[in-house]
A.B. asks: 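Have a look at this one before I ask anything.
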Amino acid sequence: MTTGHAPVASLLTERPPDEHLISEFPRQALPPRANTSRPSSAAHASIHQQYEVVYDDAHGRPLLAFTDGQWWDMTSQSPRPVTVRFALRRDPSWAGAVVQTVCLWMRSHPHDERSFDLATELALAVGELARQQD
């Protein structure tokens, strides 16, 4: 008798869409953006150095950033903190990567108070999305 269980792909192996880029682990706030055009390569590199993770839109402009347990909307004149719900809805092609980023951060910061907040935000957002599918 089979139990109906099958191998499930790990979130750790999920990859974002090919047209997007990901950066790794910087730790500073971003200065206000002067315009919404594609940043120069130096400015782009600077943004990717200031956040743990940066997700770019299809045009190469920063869309979402994550650092110290906080998501940032990068599309406004200056970055603003946003919820996990906002990050999940900002660009559906990034939803899996947003969840993966949150889970990896919570796992590496199990005693940080922000981990509980992120878990709550994630649970509420996933519940809302699941209800909308019905």
A.B. asks: Go through it in stages, so that I can follow the logic: the residues are L63 and D56, the test is side chain to side chain contact (heavy atoms under 4.5 Å, CB included), and I'd like the CA-CA distance, side-chain angles, deciding distance and then a yes or no.
C.D. replies: CA-CA 5 Å; L63 181 69; D56 292 337; 5.9 Å; no
A.B. asks: Listed by chain and number, what are the side-chain hydrogen bond (donor to acceptor under 3.5 Å, both in side chains) partners of R89, not counting sequence neighbours?
C.D. replies: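 Here the qualifying residues are E128, Q132.
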A.B. asks: Under a 4.5 Å side-chain heavy-atom rule over Ile, Leu, Val, Met, Phe, Trp and Tyr, are L129 and V82 clustered together?
C.D. replies: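 Linked within one cluster.
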A.B. asks: Step by step, would you call R80 with F86 a side chain to side chain contact (heavy atoms under 4.5 Å, CB included)?
C.D. replies: CA-CA 11 Å; R80 65 183 178 98; F86 180 93; 3.5 Å; yes
A.B. asks: If we count only N and O atoms by modelled type, under 3.5 Å, do the side chains of R90 and T75 hold a donor and an acceptor together?
C.D. replies: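 Indeed, the side chains of R90 and T75 share at least one donor-acceptor pair under 3.5 Å.
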A.B. asks: Below 4.5 Å, heavy atoms only, C-beta onward: do M74 and W72 meet side chain to side chain?
C.D. replies: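 Side-chain contact under 4.5 Å: yes.
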A.B. asks: Please examine the side chains of L64 and V54, heavy atoms only from C-beta on, and report whether any two atoms are closer than 4.5 Å.
C.D. replies: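 No, too far: nothing below the 4.5 Å cut-off.
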A.B. asks: Relative to each other, are the rings of Y55 and W94 parallel, tilted or perpendicular (30° and 60° limits)?
C.D. replies: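 Judged by the thresholds at 30° and 60°, the geometry between Y55 and W94 is parallel.
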A.B. asks: Indicate yes or no: at least one non-hydrogen side-chain atom of T83 is less than 4.5 angstrom from one of W71.
C.D. replies: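 Answer no - side chains too far apart.
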A.B. asks: Heavy-atom distance under 4.5 Å between the side chains of Q100 and W105, does that happen here?
C.D. replies: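 No, every pair of side-chain atoms sits at 4.5 Å or beyond.
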A.B. asks: Are C103 and L122 side-chain neighbours, meaning at least one heavy-atom pair lies under 4.5 Å?
C.D. replies: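 SC-SC contact between C103 and L122 confirmed.
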A.B. asks: Can you find a pair of side-chain heavy atoms, one from T67 and one from Q50, that are under 4.5 Å apart?
C.D. replies: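 No; the side chains remain at least 4.5 Å from each other.
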A.B. asks: Mind checking side-chain hydrogen bond (donor to acceptor under 3.5 Å, both in side chains) for S115 and listing every partner two or more places apart, or none if nothing turns up?
C.D. replies: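 Applying side-chain hydrogen bond (donor to acceptor under 3.5 Å, both in side chains) to S115 gives none.
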A.B. asks: Quick one: does R85's side chain get under 4.5 Å of L88's, heavy atoms only?
C.D. replies: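 Not in contact.
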